[in-house]
Amino acid sequence: MATTDAPPPMTGSGTSTGTGPDSGSRSGPVPTVDVAGATPVRHPLRWLSVLVLAVLAAQLTHFLVTNTNFEWSTVGSYFGAQVIGQGIATTVELTVVAMLIGIVGGVLVAVGRMSENRVLSAVCGAYVWFFRGIPVLVQLVFWYNLSALLPRISFGVPFGPEFVSGQTNSLITPLLAAILGLGLNEAAYMAEIVRGGLLGVDQGQSEAAAALGMGRARILRRVVLPQAMRFIVPPTGSQVINMMKATSLVSVIALADLLYTVQSIYNRTFETIPLLIVACLWYLVMTSVLYVGQSFIERYYARGATRDAPQGFWDFAFFRRRSAASTATAGAPLAPEQEERTP
């Protein structure tokens, strides 16, 4: 009786062994897909947007070069003028002083709003409501004309003897009026920024510090504030840049900042556009410097807060994304030999 050998089972990557009732019809070599010659996905809209932007950039360049009303020679002659430098110094000085008042006052008001003392919390809340609700330009004009309300300002015991007094017009100079208007207004905004940062810290941190016997003031200074800085610093940097630009409002009270200096020049020479371009260029330079400083401060306070390393200034400025490889490298564990070399 003749017998036939059964065919050997087919194994390997090109076969499929099924176990279901329909496995016989599905068995056989699996087709392989060659991705070496795959065509990348095309993005015609991206190229169209680049083309449109290139045309607009060419038109803008042509407009800047061919329009003689810009008077670029006049812009160059006034860009480094000494009188412009004096206006820039006033602008920087006003920005620094107003932001110091705003930051210190904002921290105090924020802590007061979070206080368990309802009277203190209500007063701090009213302060924020009042100064955030009135435009800063109106506040500047009010402080500048304070002498119409209070001809004399005195300091002493309430309802008692006066120790120091003087005329309001002599005490409230344009510089002091600008500092009061900008600084007190900024304190209201900074109070909300600081309060948001403090609320962003987990409550368990304060409870753990209290369990160790630390007081409320020490918990705030040593535990809560350091962790809240990564929430406070980015909006604070934006507020500094906004304050630098908001100093141009003091020109209405005759304070010789950058804009007022430019205005006083073109009122004599009638070269309005070139002088305004000088002011724009200097504002761009100063805000760009602040922008760089803000990026480095954010990198410092973001250490350890996220798994991915913070972006550098140029990466952030040009909207560069971190690659998947760098992200994986940042989150991957160290190799044994790297662990041995890591202190």
Side-chain angles (χ1 to χ4, degrees), residues 78 81-109 126-158 160-191 236 239-269 272 275-276 278-280 282-283 285-287 289-290:
Y78 280 105
Q82 182 179 2
V83 65
I84 300 295
Q86 295 174 354
I88 294 173
T90 303
T91 297
V92 174
E93 175 186 358
L94 187 59
T95 301
V96 172
V97 176
M99 282 306 303
L100 286 177
I101 294 175
I103 292 174
V104 175
V107 172
L108 296 177
V109 174
Y127 176 91
V128 174
W129 165 79
F130 181 81
F131 281 96
R132 290 182 68 186
I134 300 177
V136 63
L137 181 60
V138 178
Q139 298 182 42
L140 290 172
V141 176
F142 178 84
W143 287 109
Y144 184 68
N145 295 279
L146 186 62
S147 60
L149 179 64
L150 295 173
R152 294 178 65 255
I153 297 178
S154 61
F155 299 93
V157 179
E162 298 179 355
F163 299 147
V164 180
S165 63
Q167 296 294 324
T168 305
N169 280 330
S170 301
L171 297 175
I172 306 298
T173 61
L175 179 60
L176 183 57
I179 291 174
L180 290 174
L182 295 175
L184 296 179
N185 180 79
E186 185 62 29
Y189 285 91
M190 285 300 305
T236 301
Q239 288 297 112
V240 174
I241 295 175
N242 290 333
M243 177 63 70
M244 175 71 72
K245 297 182 292 184
T247 55
S248 60
L249 297 175
V250 303
S251 60
V252 301
I253 59 175
L255 182 61
D257 71 320
L258 176 58
L259 180 59
Y260 183 84
T261 302
V262 166
Q263 289 175 333
S264 63
I265 295 176
Y266 71 64
N267 285 335
R268 298 193 310 266
T269 63
T272 306
L275 269 301
L276 288 177
V278 171
C280 292
W282 273 115
Y283 278 119
V285 170
M286 292 186 291
T287 54
V289 173
L290 294 176

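Throughout, numbering of the chain's residues begins at 1 and tracks the sequence.
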Colleague: Could you pull out all donor-acceptor pairs under 3.5 Å where a side-chain atom in residues 247-254 meets a protein atom, sequence neighbours excluded?
Modeller:
unit_1: Thr247; atom_1: OG1; unit_2: Met244; atom_2: O; d: 2.6
unit_1: Ser248; atom_1: OG; unit_2: Lys245; atom_2: O; d: 2.8
unit_1: Ser251; atom_1: OG; unit_2: Ser248; atom_2: O; d: 2.9

Colleague: Run Leu94 and Leu255 through side-chain contact (heavy atoms from CB on, under 4.5 Å) and show every step you take.
Modeller: CA-CA 10 Å; Leu94 187 59; Leu255 182 61; 4.0 Å; yes
Colleague: How about Ile172 and Ile153: do any of their side-chain heavy atoms sit closer than 4.5 Å?
Modeller: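 Yes, their side chains come closer than 4.5 Å.
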Colleague: Checking Gln239 side chain against Glu186 main chain: does a donor-acceptor pair fall under 3.5 Å?
Modeller: no
Colleague: Roughly how far, to the nearest 0.5 Å, is CG of Leu276 from CD of Gln263?
Modeller: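 It comes to 7.5 Å.
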Colleague: Would you compute the distance between atom CD1 of Ile265 and atom CG of Leu275 and round it to the nearest 0.5 angstrom?
Modeller: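 Answer rounded to 0.5 Å: 5.0 Å.
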Colleague: Can you check whether Thr95 reaches Met286 side chain to side chain, under 4.5 Å on heavy atoms?
Modeller: no
Colleague: Check whether any side-chain heavy atom of Thr269 sits under 4.5 Å from a side-chain heavy atom of Tyr78, and report yes or no.
Modeller: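 Answer yes - side chains close enough.
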Colleague: Enter the distance from Asn169:CG to Leu146:CG here, rounded to the nearest 0.5 Å.
Modeller: 9.5 Å
Colleague: Spell out, as yes or no, whether a donor-acceptor pair under 3.5 Å connects the side chain of Thr168 to the backbone of Leu150.
Modeller: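 Confirmed, Thr168 side chain pairs with Leu150 backbone.
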Colleague: Can a donor-acceptor pair be found, under 3.5 Å and without considering hydrogens, that links the side chain of Asn185 to the backbone of Gly181?
Modeller: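 Checking the backbone N and O of Gly181 against the side chain of Asn185, no donor-acceptor pair under 3.5 Å is found.
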Colleague: Which pair of heavy atoms, one from Val109 and one from Ala191, lies closest together, and at what distance?
Modeller: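 Closest heavy-atom pair between Val109 and Ala191: CG1-CB, 3.6 Å.
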Colleague: Once rounded to the nearest 0.5 Å, what's the spacing between atom OG1 of Thr91 and atom OH of Tyr283?
Modeller: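 Answer rounded to 0.5 Å: 4.5 Å.
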Colleague: Can you give me the closest heavy-atom contact between Ser165 and Arg152, atom names plus distance?
Modeller: OG-NH2, 2.8 Å
Colleague: Could you give the distance from CE (Met99) to OG1 (Thr236), rounded to the nearest 0.5 Å?
Modeller: 6.5 Å
Colleague: Output all residues satisfying ring pair (Phe, Tyr, Trp, His ring centres under 6.0 Å) with Trp143, sequence neighbours left out; order by chain, then residue number.
Modeller: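 With neighbours one apart ignored, the set is empty.
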Colleague: Output yes when a side-chain donor or acceptor of Tyr127 lies under 3.5 Å from a complementary backbone atom of Leu184, and no otherwise.
Modeller: yes
Colleague: Considering only heavy atoms from C-beta outward, does the side chain of Tyr144 approach that of Val141 to under 4.5 Å?
Modeller: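 No - every pair of side-chain heavy atoms lies 4.5 Å or more apart.
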Colleague: Step by step, would you call Ile84 with Val262 a side-chain contact (heavy atoms from CB on, under 4.5 Å)?
Modeller: CA-CA 7 Å; Ile84 300 295; Val262 166; 4.0 Å; yes
Colleague: Do other residues, nucleotides or ligands put more than 12 heavy atoms under 6.0 Å from Phe131 CZ?
Modeller: yes
Colleague: Please report the shortest heavy-atom distance between Val240 and Leu290, naming the atom on each side.
Modeller: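 Minimum heavy-atom separation between Val240 and Leu290: CG1-CD1, 3.9 Å.
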Colleague: Any non-hydrogen side-chain atom of Met243 less than 4.5 Å from a side-chain atom of Leu182?
Modeller: yes
